[in-house]
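Scroll down for the structure; my scribbles are underneath it.
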Amino acid sequence: MLLNFINVTLVFSIGLLLMNVIALAISRRTKFFLLTTLIELIVIYLVLYIQMPPKNMTALLNINLFLAIGAVIINFIGNVGLSAVDKIRELGQESNHKHARNVNVPDKQVHFLRRYIVVALVPIALWFIVGATAFVTKITSIDNVYESIPTQTKRSAELLTSAKDMPIALAPDTAKRKMQQKFSVIPNSNMYELDGITAQTVNGEYVYVATVEFNGFFKWLKNKYVPGYFIISATDVNAQPRFVKERLKYTTSAYLNDDAARKIYAKAPTYASTGRMNLEIDDKGVPYYIQTLYREYGVSGRMKFNEFKTAVLNAQTGVVKIYDANKAPKFIDAPITSSAANQMNEFYGRYQKGWWNQTSLGAKRDVKVPTDNGIYSGGQITPLIDSKGHLVYFTDFTSGNNDQDSALGYSLVDARTGQLTYYRDTRSGLMDSDGAISIADKIYPEKKWQAHMPILYNIDGTPTWVVSLLDTKGIFKKYVYINAIDNDIVIDGDNAQESLDDYRKDLAESGSNNRSTDPKTQKTFTGKVSRVALVNDGKTTIVNFMIDGQPTVFKIDADSNPTVVFLKSGDEVSFKANVLDQAKIATIDDITIKDLK
């Protein structure tokens, strides 16, 4: 780590070293050059070790120029002082002190001062030039930075076929509450505290992992390691947290060389970091800290969204390895942490039409504002597992007008590749997450339960908000399913899968804006009708029937096929339907009844 920090120190000290070399060439004072340079480098090393300033290009240039100006001042004062001392010594040998007090500054010293003043103006001028360049580049680089976001647009997301294939997670506040209740299992638990919580998959199970951190400097000094971490199922409402005894020497709450952030900082001298580190666990239970690294676009202060690196720190051995984000080890679910995804969403929503458009004087055409109802990065990001088992970050966008509850779309950012997929269905208006929370909050007003972590799913072709209800202590109470188009369809339940089944039933009975007959997943059914029931609500006649060998109840609106009212037990029928995850009810649009003309 010493050598790594020396490397970082040299990167930040290029300007200082250059000024010192120029001063040496002018003054010819080798001893002064060596002594001041050594002292300056030691001071810079200590400051960098403690402060760890950002390593993006703008910061590197500014700090280098600042140190260069400092070196100019030190060399100027030092050389003037040493020249005066030398002259006094010289005159003391030739005459008395009275004559020495009347002597003028020699031409050689005047010549040195003039040349050095000219040299001193160079880093000062460069500092102003860099500042002006950064200001201009911040605006002119907008389009190039926007194009660095790997994006694609789709009309609707893939279907939520079951709560097993796409696990519906509990709000992390519930998991954290349970972990705090189990905190006494840790020896000397008063010396530690529960820190950040991270969603990930371990051995194929979607879980939350929470770090245990030192509760202050003296606690770290006494123990030197934390005894382990908590892990709990992210989807099982009845699951209890398990404390895993794995010693972590390098953590975010440790100090000096045991500080995980300092280890990563020293290993990547030319990359800047973004956001906090996540603790991820491999399939053997070994803990690693993950940090996203990036490079800046020129001196714009803006992140390049297609050049992410991932630092992986073994929390037990201290070994740090740097990978391209998409080539990080497979057990790492989020090589790109939520902070980077959040900045990507902000930039994507704001700058699609350039810099001027998003200002208060611009038209703000196609400007989208991420909502703040998530659980990561200040509330704008919510992690979830897609049907392929990949971790993605969900964010919905609104117009920014407080009077509107309409969603302009939503994004899913792949936590490994950084691919941003934007979903926007222009055929129908969707309620945003603020509206979903408002509805869920009012289901049990007397209990004062609060809605958390709204996520938009595609259920049988219908955009649907799934929200968790928690009590005032953060304990999970209910799942709530809310139709994002028809807000009158709201279902709540204790279990994600059972609530999903009930919601599908209500969708089928409503006959409103959806059908569970997505062509991509349709299957053909043929069989003999075993039961039939007609339901008329005064407006519509719905025919419910079952066929031999199938537990699903099929429903069809008589308006779509008038002859279906003549359906009876024993008829041979054929039709197409989606029966997702052995759904109890499925709606169909058409049916063929054998021998019925």
Side-chain angles (χ1 to χ4, degrees), residues 54-61 133-134 136-154 264-265 267-278 280 290-312 320-330 332-355 357-358 366-368 370 374 376-377 380-381 383-384 386 388 390-395 397 409-424:
K55 299 191 296 295
N56 55 41
M57 184 60 69
T58 301
L60 286 172
L61 284 175
T133 303
V136 173
T137 307
K138 189 172 185 178
I139 297 175
T140 58
S141 65
I142 291 292
D143 291 341
N144 290 327
V145 174
Y146 185 88
E147 290 173 1
S148 74
I149 303 175
T151 62
Q152 60 179 344
T153 301
K154 292 185 178 181
I264 292 175
Y265 185 90
K267 185 67 175 180
T270 59
Y271 281 89
S273 61
T274 178
R276 63 174 295 157
M277 287 180 287
N278 290 341
E280 292 216 29
I290 311 302
Q291 176 78 70
T292 300
L293 307 175
Y294 72 95
R295 275 187 172 155
E296 180 184 1
Y297 186 88
V299 289
S300 65
R302 302 193 184 281
M303 181 185 298
K304 284 186 177 181
F305 294 111
N306 57 355
E307 294 186 16
F308 288 119
K309 295 280 188 179
T310 300
V312 181
V320 179
K321 295 183 179 180
I322 309 296
Y323 301 91
D324 290 335
N326 59 355
K327 296 181 180 178
K330 291 184 178 180
I332 299 175
D333 292 287
I336 299 174
T337 53
S338 59
S339 174
N342 180 53
Q343 294 185 58
M344 194 181 299
N345 277 322
E346 287 278 3
F347 210 90
Y348 178 80
R350 184 180 298 273
Y351 293 111
Q352 184 176 355
K353 299 296 183 181
W355 177 80
N357 178 69
Q358 56 84 42
D366 292 329
V367 171
K368 303 175 284 291
Y376 285 169
S377 293
Q380 293 188 352
I381 296 288
L384 62 95
D386 66 12
K388 298 178 182 178
H390 298 160
L391 185 74
V392 294
Y393 299 120
F394 168 85
T395 301
F397 294 82
Y410 63 97
S411 72
L412 295 178
V413 178
D414 192 299
R416 175 169 291 272
T417 66
Q419 175 76 50
L420 187 154
T421 303
Y422 182 68
Y423 298 90
R424 174 71 166 126

Under a 4.5 Å cut-off applied to non-hydrogen side-chain atoms, are [X] and [Y] in contact?
X: Tyr348; Y: Leu420; answer: yes
X: Val312; Y: Val320; answer: no
X: Met303; Y: Phe308; answer: yes
X: Gln352; Y: Val367; answer: no
X: Ser339; Y: Arg276; answer: no
X: Thr310; Y: Leu293; answer: no

Closest contact, heavy atoms only, [X] versus [Y]:
X: Phe394; Y: Leu384; value: CB-CD2, 3.6 Å
X: Pro383; Y: Leu391; value: CB-CD1, 3.9 Å
X: Gly349; Y: Phe397; value: CA-CE2, 4.2 Å
X: Pro54; Y: Ala59; value: O-CB, 3.3 Å
X: Thr151; Y: Gln419; value: C-NE2, 3.3 Å
X: Ala341; Y: Val413; value: CB-CG1, 4.0 Å

For [Y], is there any backbone N or O sitting under 3.5 Å from a side-chain donor or acceptor partner on [X]?
X: Thr395; Y: Gln380; answer: yes
X: Arg416; Y: Ile332; answer: yes
X: Asp386; Y: His390; answer: yes

Could you give the side-chain donor-acceptor pairs of residues 322-329 under 3.5 Å, partners two or more places apart or in another chain?
residue: Asp324; atom: OD1; partner: Lys309; partner atom: NZ; Å: 2.5

Hey, does the Lys NZ or Arg CZ of [X] hover above the aromatic six-ring of [Y], less than 6.0 Å from the centre and inside 45° of the axis?
X: Arg302; Y: Tyr351; result: yes
X: Lys368; Y: Tyr410; result: no
X: Arg295; Y: Tyr271; result: yes

## Note on the structure
Glu280 meets the side-chain hydrogen bond (donor to acceptor under 3.5 Å, both in side chains) criterion, sequence neighbours left out, with none

#### Entry: Residues in side-chain hydrogen bond (donor to acceptor under 3.5 Å, both in side chains) contact with Asn278, at least two apart in sequence or another chain
none

Once you round to the nearest 0.5 Å, how far does [atom1] of [X] lie from [atom2] of [Y]?
X: Thr292; Y: Ile264; atom1: OG1; atom2: CD1; value: 9.5 Å
X: Thr153; Y: Tyr423; atom1: OG1; atom2: OH; value: 10.0 Å
X: Leu61; Y: Asn56; atom1: CG; atom2: CG; value: 9.5 Å
X: Tyr294; Y: Lys304; atom1: OH; atom2: NZ; value: 12.5 Å
X: Ile149; Y: Gln343; atom1: CD1; atom2: CD; value: 10.5 Å

#### Entry: Donor on one side chain, acceptor on other, Gln291 and Thr337, under 3.5 Å
no

#### Entry: Tyr376 side chain to Asn342 side chain, donor-acceptor N/O pair below 3.5 angstrom
no

### Task
Begin from the C-alpha positions of Asn345 and Ser411 and carry the test side chain to side chain donor-acceptor pair (under 3.5 Å) through to its verdict.
CA-CA 8 Å; Asn345 277 322; Ser411 72; 2.7 Å; yes

### Working for side chain to side chain contact (heavy atoms under 4.5 Å, CB included), residues Glu296 and Thr58
CA-CA 8 Å; Glu296 180 184 1; Thr58 301; 2.4 Å; yes

### Task
Please indicate whether Lys55 has more than 12 foreign heavy atoms, meaning atoms of other residues, nucleotides or ligands, lying under 6.0 Å from its NZ.
yes

